[in-house]
Amino acid sequence: MTILLWILGILAVPTLLFALWLGGVFLKEFFSPSPDDGTQAAEAAAALGLLPAERQNTVHAAPLPADWRAALDAVRAGDWKPAADLLSAIGRDWEARSAFAYLLGELAGEEDGWLLAWEAARADDPDAALVRARSTVVLAWQVRGAKRARYTTEEQFEGFHRTLRTAREDVARAAALNPDDPTPYIAEIWVALGLGYPNSEMDKLWSRITDRAPHHFEAHFSALQYWSEKWSGSERLAFAFAERAAAEAPPGSLLTALPLIAHFEHDTSEDTEADRTPEMIARVDAGLADAAAADPAHPRLPELRHLLAFYLSLQGRDEAALEQFKLVDGHVNALPWRYRVDRAAYYCQVRDATVAAAREAAEARGSSSG
């Protein structure tokens, strides 16, 4: 009997220890509750009028102008004339021209019957030629797919390179039909990436662009990809390009985004220390000043604001970050969210954490002043 009680006592020890641990966990949660699963932060964001993940537009970085939306809807219905009229009316606003032509190129990459009709009705129209060039570049990258090289098949690479060579011809035709337009050459940067232009050839292409539009945002964004480590450059070359362009650009050009993008593309750290250095804080401050000086209608302004919201949040400058989030909320196809599989969820995760931190800071100020 004594032996039996001894055995039962030994067996009871783990149960007792588990009960004590469970009680400790309960007391810890009672007196110091762990953070919730994000529900409270999401509710706080909703109270500010910010949208949940399922209501974020993942196609664009910002709402499109009403006339752009109408023209794109007409194209989807097979009518090319509103788009042709709008592209003609945009004229020499190279930023708007490149942005709208890209959207048309995306649609033509999916189905180009409307573009074929445009080309048939207006032979040698430089606007139709531009859209064709953009669409062929888009199609090439669709053929390649978004996966890394080691996951891309030989057939995909063959189709990719073949389509890019066609795109190069389309670019040359569009450029010849409208010699002042930098947009065909901007599209060619993505041909340069895919076909691996040597640096000397890229330099010549870049001169053609900057002779026509020295501070073009999309051109600089695209060229920065070329000079980055993952393509034909290096971290050193990418930062040199980005810092030089930002320093030479006038206020409101938005090119202060380039050093932030170069940092984002090459940052492999696991924490936020690299994002909170004096150098990075200065870059974000320069971006804030640039955004304030920009034309509110600049088609790329929201892309800078998305980056500012992200890095202000990482730097603990939550109230300033929240102001940027309020200006871009509802559309999330921009860096840094764009590289995530679920870009809307990631955006809302960072945004909601910012909302919670900003609220805590405001409450702390209220308590100290009281």
Side-chain angles (χ1 to χ4, degrees), residues 33-66 68-69 72-73 76 99 102-103 106-107 110 138 141-142 145-148 151 221 254 257 260-261 263-265 267-272 275-276 284 287-288 291 296 298-363:
S34 11
D36 72 333
D37 59 359
T39 302
Q40 291 181 3
E43 290 173 350
L48 295 174
L50 303 176
L51 300 177
E54 62 270 18
R55 294 183 59 191
Q56 299 291 332
N57 182 304
T58 59
V59 178
H60 302 294
L64 296 178
W68 290 30
R69 291 198 307 271
L72 293 172
D73 287 343
R76 293 186 185 96
Y102 179 78
L103 295 175
E106 281 191 313
L107 292 180
E110 297 170 4
V138 168
W141 286 90
Q142 289 174 344
K147 295 181 180 179
R148 297 191 179 192
Y151 302 119
F221 172 84
L254 311 183
L260 297 176
I261 296 170
H263 174 81
F264 179 80
E265 294 284 4
D267 181 20
T268 58
S269 60
E270 298 294 330
D271 53 38
T272 61
D275 307 306
R276 303 164 73 101
V284 171
L288 288 168
H298 194 302
R300 304 294 181 174
L301 177 56
E303 296 183 40
L304 175 57
R305 293 199 185 281
H306 278 282
L307 282 166
L308 291 173
F310 179 66
Y311 282 112
L312 285 165
S313 178
L314 294 185
Q315 292 172 1
R317 303 160 71 181
D318 298 292
E319 292 176 331
L322 181 55
E323 290 306 309
Q324 298 299 318
F325 276 119
K326 289 177 180 178
L327 291 169
V328 298
D329 194 68
H331 294 75
V332 296
N333 187 17
L335 291 178
W337 335 112
R338 185 186 292 151
Y339 285 1
R340 297 296 182 113
V341 173
D342 192 340
R343 61 190 63 169
Y346 181 49
Y347 165 85
C348 287
Q349 174 189 335
V350 178
R351 182 203 66 189
D352 293 353
T354 300
V355 170
R359 182 180 58 178
E360 289 177 8
E363 289 173 351

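By the side-chain hydrogen bond (donor to acceptor under 3.5 Å, both in side chains) test, His331 pairs with no residue at all, sequence neighbours left out. For the side chain to side chain contact (heavy atoms under 4.5 Å, CB included) test, residues two or more places apart in sequence or in another chain that qualify with Ser269 are Asp267, Asp271, Ala274.
Heavy atoms only, all atoms of each residue included: Ala53 and Ala344 are closest at O-CB, 3.5 Å. Gly330 and Leu51 get closest at one heavy-atom pair: CA-CD1, 3.9 Å. Scanning both residues, Val328 and Pro302, for their nearest heavy atoms gives CG1-O, 3.9 Å. Between Pro52 and Cys348, the closest heavy-atom pair is C-SG, 3.9 Å. Considering all non-hydrogen atoms of both residues, Gln315 and Asp275 come closest at NE2-O, 3.0 Å. Scanning both residues, Arg343 and Trp337, for their nearest heavy atoms gives CB-O, 3.1 Å.
Rounding to the nearest 0.5 Å gives a distance of 7.5 Å between NZ of Lys326 and CG of Leu50. Within the model, atoms OG of Ser313 and CD of Gln349 stand 10.0 Å from one another, a figure rounded to the nearest 0.5 Å. Taken to the nearest 0.5 Å, the CZ atom of Arg69 stands 7.0 Å off from the CG atom of Leu64.
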| query | How far apart are the C-alpha atoms of Glu303 and Leu335, what are their side-chain angles, what is the distance that settles it, and do they pass the side-chain contact (heavy atoms from CB on, under 4.5 Å) test? | reply | CA-CA 7 Å; Glu303 296 183 40; Leu335 291 178; over 6 Å; no
| Should Leu327 and Glu323 be marked as a side-chain contact (heavy atoms from CB on, under 4.5 Å) after you check the CA-CA gap, both sets of side-chain angles, and the distance that decides it? | CA-CA 7 Å; Leu327 291 169; Glu323 290 306 309; 5.7 Å; no
| Do Ile261 and Leu304 pass the side-chain contact (heavy atoms from CB on, under 4.5 Å) test, and can you show the C-alpha distance, the side-chain angles, and the key distance before you say yes or no? | CA-CA 10 Å; Ile261 296 170; Leu304 175 57; over 6 Å; no
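The side-chain hydrogen bond (donor to acceptor under 3.5 Å, both in side chains) analysis of residues 47-60, with sequence neighbours excluded, yields the pairs Gln56-Asp329.
When side chains are defined from C-beta on, Arg340 does not count as touching Tyr347, because their heavy atoms never get closer than 4.5 Å. For the pair Leu260 and Leu308, the minimum side-chain heavy-atom distance is below 4.5 Å. Side-chain contact between Leu107 and Glu110 is present, with heavy atoms from C-beta onward closer than 4.5 Å.
Geometric assessment of Arg351 against the ring of Phe325 yields a negative cation-pi assignment under the 6.0 Å and 45° thresholds.
When each of Thr354, Leu307, Asp318, Leu288 is checked for a side chain to side chain contact (heavy atoms under 4.5 Å, CB included) with Leu312, only Leu288 meets the rule.
Within 6.0 Å of the OH atom in Tyr102, the count of heavy atoms belonging to other residues, nucleotides or ligands does not exceed 12.
A side-chain donor-acceptor contact under 3.5 Å links Arg305 and Gln324.
Using cut-offs of 30° and 60° for the angle between ring planes, the Phe264 and Phe310 rings count as perpendicular.
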